[in-house]
Amino acid sequence: MEKEIKNALADASTPLAQPDQFALSRRAFLQVLGSGLLITATETAVQAQGRGAAAEGRLAARLYLNEDGTITALSGKVEEGQGPRTELAQAAAEELRVSIQRVQMIMADTDLVPDDGITAGSRTTPSNVPAMRQAAATARELLTQYAAAQWKVDAATLEVQDGLITNKSNNQTMSYADLAKSKEVVAAFAAKVRPDVALTPAREWKSLGRPVLKIGGRDAVTGKHQYPSDIVRPNMLYGKVLRTPAYGATLKSIDVSAARKMKDVVVIHEGDFVGFAAPSSHRASQAVVAVAKTASWKPGARRVSHRNVHAYLKKHADRSRVRENVIGSVEKGFTEASKTLSQTYTLAYVQHAPMEPRAAVAEWNDGKVTVWAGCDGPFRARRDVAQACGVSEEQVRIIIPDMGGGFGGKHSAEAAVEAARMAKAAGRPVSVRWTRAEEFTWAYCRPAAVIECKGGLNGANSLVAWDFTNINAGAAAIATPYEVPNIRTASVGSDTPVPQGSYRVLAATGNNFARECFMDELAAAAGVDPLDFRRAHLRNPRLRTVLEAAAWRFDWSSRIKKVTPELGVGLACGTEKNSCVAACVEVAVDRKSGEIKVRDVCEVFECGPILNPPNLLSQVHGCIIMGLGGALTEEIEFENGKILNPNFTAYRVPRFRDVPKIDVQLINKTDIPSAGGGETPIIAVAPAIGNAIFAATGVRIRSMPMRGEMLRRT
Amino acid sequence: MDVTVKLKVNGEERSVTTDPQRKLLDVLREDLHLTGTKYGCGEGRCGACLVLLDGKKAFSCLVPVTAADKKSVTTIEGLAGSDALHPVQEAFLEEGAMQCGYCTPGMIISAVALLKEKPNPTDEEIVAGMNSNLCRCNGYVKIKNAVHRAAEKSRR
Ligand code: FES
Ligand code: FES
């Protein structure tokens, strides 16, 4: 087993260990970065060609062959930092047999691209990359067949390389540039994408699977890239919205006359919506201040705070909204158990806090509105804007410039709607950029949870019953990956007192935290090493591999023996979204000060064939470090509908100082399809830390975040 | 009452007549359309808005525009010539030290300021020098590598 693990790790780390092997040289990637210009050149053509084709699954909706032999590829996905722009370009390049430099992507522009849904749930890699590959492979076949027909030869005898079709028998060639000029070829792109077209197997990949640096990186380092909050339109105003003092409050009355008297301020007062647009955001904010004191509100918030929210959620658990899964009979299982353990774990509300808060610019022309927005569902935003402005969806165009982070927190398009309403009323373009306080207060949270766990061990220390209920947060990764004959899992809805929604990997973080900590509790009750206890219950071979690999890399078996009251080690694993992760961590604890310092994280991750190794590594880094925040410090504090810590001083996200030594190993498993990698790596972090704290101190912290004060108290 | 402020921005004399309460960040972004400098928190806690003010790093979200009067301001756009890249920019690019890239301009300005003081920083010095810069996508590991790489470049 150990040999297999070593081999797997060696395989995966080869491309990462040698960055000078980059398929793209520095010169080459600088060329990629220059290619953005072509987008404008082809926009009209794409518009003419692509409209209406998307719904029928036609090639033309996905790909456009330019007369210079380059390719424009279209996707409804959004780039928010996780790398889909680069990945999709790799996919098109791979199957069209061109270098990635010859592909430019147009993404998330509702007038140009197909509706690919929201960008979420690690779906781009398993769904949209294959869709792009199918389109590109269909196109390549079509082009080859066209050449074959011209030359009256069998298409199978032709070779395609670097955008050139060659008849090897006579060295006749035809380039993509030549083909793009043919009317027949253009017409042929009306064909449907063939879902059964043969795709290039992973072992033959030339673009996919290679390290490719972020497309657009140069514009990021020069400050030239325009994020949604950077868009400037001629004659543009800056808008601010009057916010309610707490969730659920509604406006009873307001006097906006003070703002009307302010120079250059446009007042937008439509029912509950009160906004101000002005030549500077400062002036617009002054208008808000001037008017806010005249507002009278009808409160509507639930009377609950972050301190008692878990009792509240439990009390309001709605047993009519249950998603239950049963294997065997837990009742019977528990009667067979010689030891039974039950515990309750909790999870706080947290915010995504992407570096770029919500932002949008809207501009109306001839009854049509264009909105540049920072959200991850362009077509959903189009619907919302159309509804709010009383126009049809055809009158709305949403463009999502590559934006500054989301992590599942930007499914909604509030700023787009606000900008569109204000721009309509003002008759000028309006930019709405939420402040950090607004983002912390008005963006939805990751749900808090109460998770009840019960496990039963028989005389041989085998799990015979497992009962697991998540109240409020959801069912992601609620199924246990361990072999237990009698299982009941349930996800129960509740009444959330603050707005809640998606977050990186949804409820999987909380469910895995509770499960993996509770597995440790059971291991301790059984008197078995946590690694051995898991192994004894684990058949899933992929999960076993990452777990054993992490333990081996970390040197678990000798480090667990060296645990002291100040220094603990812990491990955890988990699977979600068709990928597997395991982590081992070392944690230093100071029982007097209550300081918990994560010193060392070793994480092994596997999500099938790796599409872009350095990007996947970045995703895993991101998950690990973001995971530290949720594990140790992050918690939205609130009382009666008011957020009490809406800033980076009171709400502590990980900083440079918090970064432990990180060792990431990626396993490149090429015999299955690729799964997304931007979410699952977060789920092993918190439980491994909790288990390490327990190993050091004997104190089990059953809540996220795990605050050091909890150690001091005991 | 509006005031007129004279700034030397990226080597160019600019004069802005504006409300004295406005912050340098807003003036750079809204009046001069230098949007490479980002807003992230408005309270000096994220570093997205960092610029060099007379060569020293400053949180432009906290600096009243009047405090920058007659001073020189370098933003990310002015770090290198129009087509060239500053060695720190090159290092970030080569290291792939960005995901969404929104924190990147502030990180680069912070690194430039750090390397001026400590041309060969240790890991600890990088952490101390850049702790007020937040990245949420979490590039801290690669960003640290990029700063080392930049230091190496200037040694060459
Ligand atoms: S915006 Fe200035 S430090 Fe965050
Ligand atoms: S790269 Fe997105 S915030 Fe740093």
Side-chain angles (χ1 to χ4, degrees), chain A residues 19 26 29 79-83 211 213-214 216-227 229-232 238 279-283 352-357 402-407 433 435-437 614-615 617-619 621-626 647-649 653-657 659 662, chain B residues 18-19 21-23 26-27 29-31 33-46 48 75-77 79-80 85-86 88-90 92-106 108 126-144:
Chain A
R26 209 170 87 70
F29 80 67
E79 176 62 88
E80 50 195 309
Q82 300 196 278
L213 292 170
K214 175 185 166 74
R218 190 184 171 94
D219 286 350
V221 302
T222 56
K224 219 169 107 192
H225 173 65
Q226 290 190 306
Y227 293 84
S229 51
D230 298 334
I231 301 287
V232 177
Y238 294 88
S280 74
S281 53
H282 180 74
R283 177 73 54 81
H352 315 74
M355 278 313 295
E356 180 180 40
D402 292 6
M403 65 184 192
F407 318 114
R433 298 164 315 175
T435 62
R436 179 56 60 191
N615 184 58
L617 180 64
S618 291
Q619 290 312 304
H621 283 162
C623 284
I624 292 173
I625 298 173
M626 183 171 257
N647 55 64
F648 283 134
T649 305
V653 297
R655 291 182 176 275
F656 272 98
R657 199 161 273 149
V659 179
I662 294 179
Chain B
T18 186
D19 184 328
Q21 282 177 30
R22 288 176 73 207
K23 303 295 188 223
D26 284 352
V27 171
R29 292 177 51 85
E30 296 175 6
D31 299 23
H33 295 166
L34 290 167
T35 54
T37 307
K38 308 297 182 201
Y39 166 89
C41 71
E43 50 159 357
R45 294 289 290 164
C46 80
T75 69
I76 189 74
E77 291 92 343
L79 260 195
L85 290 181
H86 186 282
V88 176
Q89 289 172 316
E90 268 176 18
F92 270 69
L93 203 47
E94 289 163 5
E95 202 63 48
M98 82 233 16
Q99 292 180 40
C100 77
Y102 191 83
C103 68
T104 309
I108 289 174
I126 296 174
V127 166
M130 309 213 17
N131 204 49
S132 50
N133 282 85
L134 285 180
C135 174
R136 285 292 290 154
C137 297
N138 232 290
Y140 292 146
V141 175
K142 289 189 178 180
I143 291 168
K144 212 161 71 179

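Fair warning: this is a prediction, and the values are worked out from it, not measured in the lab. Each chain gets a letter, A, B and so on, in the order the sequences are listed, and its residues count up from 1.
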(request) Identify the two heavy atoms, one from Cys103(B) and one from Met355(A), that lie closest to each other, and give their separation to 0.1 Å. (result) CB-CG, 4.5 Å
Could you check if a side-chain atom of [X] sits within less than 4.5 angstrom of a side-chain atom of [Y], using non-hydrogen atoms only?
{"X": "Ser280(A)", "Y": "Arg22(B)", "result": "yes"}
{"X": "Val141(B)", "Y": "Ile625(A)", "result": "yes"}
{"X": "Asn647(A)", "Y": "Arg45(B)", "result": "no"}
{"X": "Phe407(A)", "Y": "Cys137(B)", "result": "yes"}
{"X": "Pro614(A)", "Y": "Lys142(B)", "result": "yes"}
{"X": "His282(A)", "Y": "Lys23(B)", "result": "no"}

(request) Side chain from CB out, backbone as N, CA, C, O: work out which of these in Glu80(A) comes under 4.5 Å of a heavy atom of chain B, or both, or neither. (result)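 For Glu80(A), the contact with chain B is made by the backbone alone.
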Let me know if [X] has heavy atoms under 4.5 Å from chain A in its side chain, its backbone, both or neither.
{"X": "Asp26(B)", "answer": "side chain"}
{"X": "Leu79(B)", "answer": "neither"}
{"X": "Glu43(B)", "answer": "side chain"}

(request) Could you tell me whether Glu30(B) and Arg283(A) have a side-chain N and a carboxylate O separated by less than 4.0 Å? (result)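 Result for this pair is no, no salt bridge flagged.
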(request) Starting from the C-alpha separation in whole Å, work towards a yes-or-no answer on side-chain contact (heavy atoms from CB on, under 4.5 Å) for Asp230(A) and Arg29(B). (result) CA-CA 8 Å; Asp230(A) 298 334; Arg29(B) 292 177 51 85; 2.9 Å; yes
(request) List the steps and the verdict of side-chain contact (heavy atoms from CB on, under 4.5 Å) for His621(A) and Tyr140(B). (result) CA-CA 8 Å; His621(A) 283 162; Tyr140(B) 292 146; over 6 Å; no
Nearest 0.5 Å, please: how far is [atom2] in [Y] from [atom1] in [X]?
{"X": "Leu93(B)", "Y": "Lys214(A)", "atom1": "CG", "atom2": "NZ", "value": "11.0 Å"}
{"X": "Met130(B)", "Y": "Arg655(A)", "atom1": "CE", "atom2": "CZ", "value": "12.0 Å"}
{"X": "Arg218(A)", "Y": "Met98(B)", "atom1": "CZ", "atom2": "CE", "value": "11.5 Å"}

(request) Please confirm whether the backbone N or O of Tyr102(B) pairs with a side-chain atom of Tyr227(A), one donor and one acceptor, at under 3.5 Å? (result)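 Yes.
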(request) Tell me, with the steps shown, if Met626(A) and Asn138(B) meet side-chain contact (heavy atoms from CB on, under 4.5 Å). (result) CA-CA 7 Å; Met626(A) 183 171 257; Asn138(B) 232 290; 5.7 Å; no
